[in-house]
Amino acid sequence: MFSREIEGHSLWAWTAAAAAAPIAQFLGSAPWYWTLAVGLAAGGVWLAVQHVATEPLPKALAAAEWIFLIYAAAVAAGWSGACWPAVRSGWVIPVVLLVLSACAAEGGCRSGARCGAVLFWFLAGLFVILVGFALPDVRGQQLLQPQHGHLEWITPALLVPAPGALLPRRQGRSPWLWAVGLALCATAVSAVTAGVLSPAQAGQTPGAFYEMVRGLRILGVTERFEAVVAGAMTIGWFCLMSLLLTAAGHMAETLHPGWGRPAVWLAALLAGLASPWAGLVPPAVFGAGAIILWCLIPLLVGKKQTAAADWKTP
C-alpha cells in the first residue's frame with residue numbers, strides 16, 4: 001500500500017491543502033514581498049526535487065527522514081489548536097487530528113492522496129471566499145510601506161509540499177503551475193492581511209490572518225468569520241499531518257516491507273507525546289532540517305542514482 005504510485009494531480013492537490021494551514025497561521029504576519037520571493041524559490045527547489053528524486057532512499061537516510069517527519073508532525077500538532085483559542089483543553093484538537101490523520105495514512109499513499117485531493121477543493125473555496133470578502137477593506141497604499149514582520153516561519157511553511165517528493169508517484173507533466181499558484185496564494189494572504197490591518201499591526205500580531213478575518217465587514221456590518229477560518233485551518237492541519245504520517249509510513253516500508261502501517265501509528269503516538277515541547281525548538285532549526293532532509297538529500301541521492309543508471313546503460 002505504501003509503495004503504490006500516486007497520480008501526480010492528486011499528490012500536488014494534497015500537498016497544497018497541507019500547506020494551507022501553515023500559510024494562514026504564519027504568513028499573514030510576514031511581509032508580502034518576502035513571502036513572494038521565498039515562495040518562488042521554495043517552489044523551484046521542490047520542483048527540482050520531485051523531478052530528480054524518483055527512487056527509494058537508502059535505509060539510513062530513510063530512518064533519518066522518519067525521525068524528522070515525526071518531529072514535523074509534532075510541530076504541526078502543537079500549532080493545530082492555535083485557531084481555537086476558546087478551547088480549554090489544549091490537547092484535544094492535536095490528539096483528535098493525529099488519530100484521524102493516522103487513520104487516513106494507514107491505508108497507504110493512494111488513500112491519503114485521495115482524501116487530501118478532495119479536501120483541497122473545499123479548502124480552496126473557503127479561502128477564496130475569505131480573501132474575497134477582505135479585498136474591499138484593503139488599502140493599497142499600505143502595501144507600499146515597509147513591514148517588519150515574522151520571517152522565521154516563511155521557509156518552513158512554504159516547504160510543506162516538499163515531503164510529497166518522498167512518496168512514490170507517477171511521473172507526468174511538471175507541476176510548476178502548482179508551485180507558482182501556491183507562491184501567489186501565500187503572497188495574497190500576506191498582502192491582504194497587511195492591507196487590511198496595516199503592515200505594522202500585521203507584523204506584530206501572531207496569527208494575523210486569523211485576526212484579520214475575525215473583523216471582516218460586509219455592508220458595514222462586522223461579521224464573525226472566526227469559526228469559518230478556524231474550520232478551514234483545522235482541515236489544513238489534518239491534511240498536513242496525514243501527509244507527514246503517510247511519508248513516515250513509506251519511509252518505514254523502505255526500511256522493511258510490512259512496517260508501514262504500524263510505523264504510522266507509532267509516529268502518530270510519538271508526535272502526540274512530543275507536541276507540547278516541539279514548538280520550543282527555534283523555527284530556524286525546523287527550516288534547516290526541512291531544507292536538508294526534504295530537499296538537499298533527496299536531490300543529491302536522486303542525481304547520484306541517475307548518474308549510476310546512466311553509467312550502467314550501454
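Keep in mind it's a predicted model, so treat the numbers as computed, not measured.
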Residue pair V38, L151: steps toward the side-chain contact (heavy atoms from CB on, under 4.5 Å) verdict: CA-CA 10 Å; V38 176; L151 305 178; over 6 Å; no
What is the minimum heavy-atom distance between [X] and [Y], and which atoms define it?
| X | Y | answer |
| --- | --- | --- |
| C295 | P298 | O-CD, 3.5 Å |
| T15 | G164 | CG2-CA, 4.1 Å |
| S80 | I93 | O-CG2, 3.8 Å |
| A232 | F127 | CB-CE1, 4.0 Å |
| A191 | L143 | O-CD2, 3.1 Å |
| G272 | S275 | O-OG, 2.9 Å |

To the closest 0.5 Å, what do you measure between [atom1] ([X]) and [atom2] ([Y])?
| X | Y | atom1 | atom2 | value |
| --- | --- | --- | --- | --- |
| L240 | I235 | CG | CD1 | 14.0 Å |
| M212 | Q201 | CE | CD | 11.0 Å |
| E106 | R261 | CD | CZ | 4.5 Å |
| I154 | I23 | CD1 | CD1 | 11.5 Å |
| C239 | L244 | SG | CG | 11.0 Å |
| T187 | L40 | OG1 | CG | 7.0 Å |

side-chain contact (heavy atoms from CB on, under 4.5 Å) assessment of Q50 paired with R169: CA-CA 9 Å; Q50 71 85 30; R169 62 204 177 278; 3.8 Å; yes
Taking the side chain as every heavy atom from C-beta outward, state whether [X] and [Y] have any atom pair closer than 4.5 Å.
| X | Y | result |
| --- | --- | --- |
| S242 | C115 | no |
| V213 | V228 | no |
| L167 | W14 | yes |
| P282 | E152 | no |
| I297 | I292 | yes |
| F209 | S29 | no |

Ring pair (Phe, Tyr, Trp, His ring centres under 6.0 Å) partners for F68, two or more places apart: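 For F68 the ring pair (Phe, Tyr, Trp, His ring centres under 6.0 Å) partners, ignoring immediate neighbours, are Y71, F286, W294.
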Partner residues of F26 under the ring pair (Phe, Tyr, Trp, His ring centres under 6.0 Å) criterion, sequence neighbours left out: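 Counting only residues at least two positions away or on another chain, F26 forms a ring pair (Phe, Tyr, Trp, His ring centres under 6.0 Å) with W79, W153.
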Pairs involving residues 257-281, ordered by first then second residue, that meet ring-ring contact (aromatic ring centres under 6.0 Å, His included) (sequence neighbours left out):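 For residues 257-281, and leaving out neighbouring residues, the ring-ring contact (aromatic ring centres under 6.0 Å, His included) pairs sorted by first residue read H256-W259.
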Listed once per pair and sorted, the ring-ring contact (aromatic ring centres under 6.0 Å, His included) pairs that draw on residues 39-67, sequence neighbours left out: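 Passing the test, one end in residues 39-67: W12-W46.
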Would a hydrophobic clustering, with Ile, Leu, Val, Met, Phe, Trp and Tyr connected at side-chain separations under 4.5 Å, put [X] with [Y]?
| X | Y | value |
| --- | --- | --- |
| V285 | L293 | yes |
| L135 | L197 | yes |
| F122 | V229 | yes |

Under 3.5 Å: donor-acceptor pair, side chain of E65, backbone of A248: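 A pair under 3.5 Å: no.
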Q142 side chain to P199 backbone, donor-acceptor under 3.5 Å: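 No; zero donor-acceptor contacts below 3.5 Å.
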side-chain contact (heavy atoms from CB on, under 4.5 Å) assessment of V75 paired with V281: CA-CA 9 Å; V75 174; V281 180; over 6 Å; no
Within residues 32-45 or reaching into it, pairs that qualify as side chain to side chain donor-acceptor pair (under 3.5 Å) - sequence neighbours excluded: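 Checked against side chain to side chain donor-acceptor pair (under 3.5 Å) - neighbours excluded - the pairs reaching residues 32-45 are T35-S190.
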Partners passing side-chain contact (heavy atoms from CB on, under 4.5 Å) against A62 (at least two apart in sequence or in another chain):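 Checked A62 against side-chain contact (heavy atoms from CB on, under 4.5 Å); matches are M251, T254, L255.
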Chi angles and distances behind the side-chain contact (heavy atoms from CB on, under 4.5 Å) call for F238, T234: CA-CA 6 Å; F238 163 77; T234 302; 5.9 Å; no
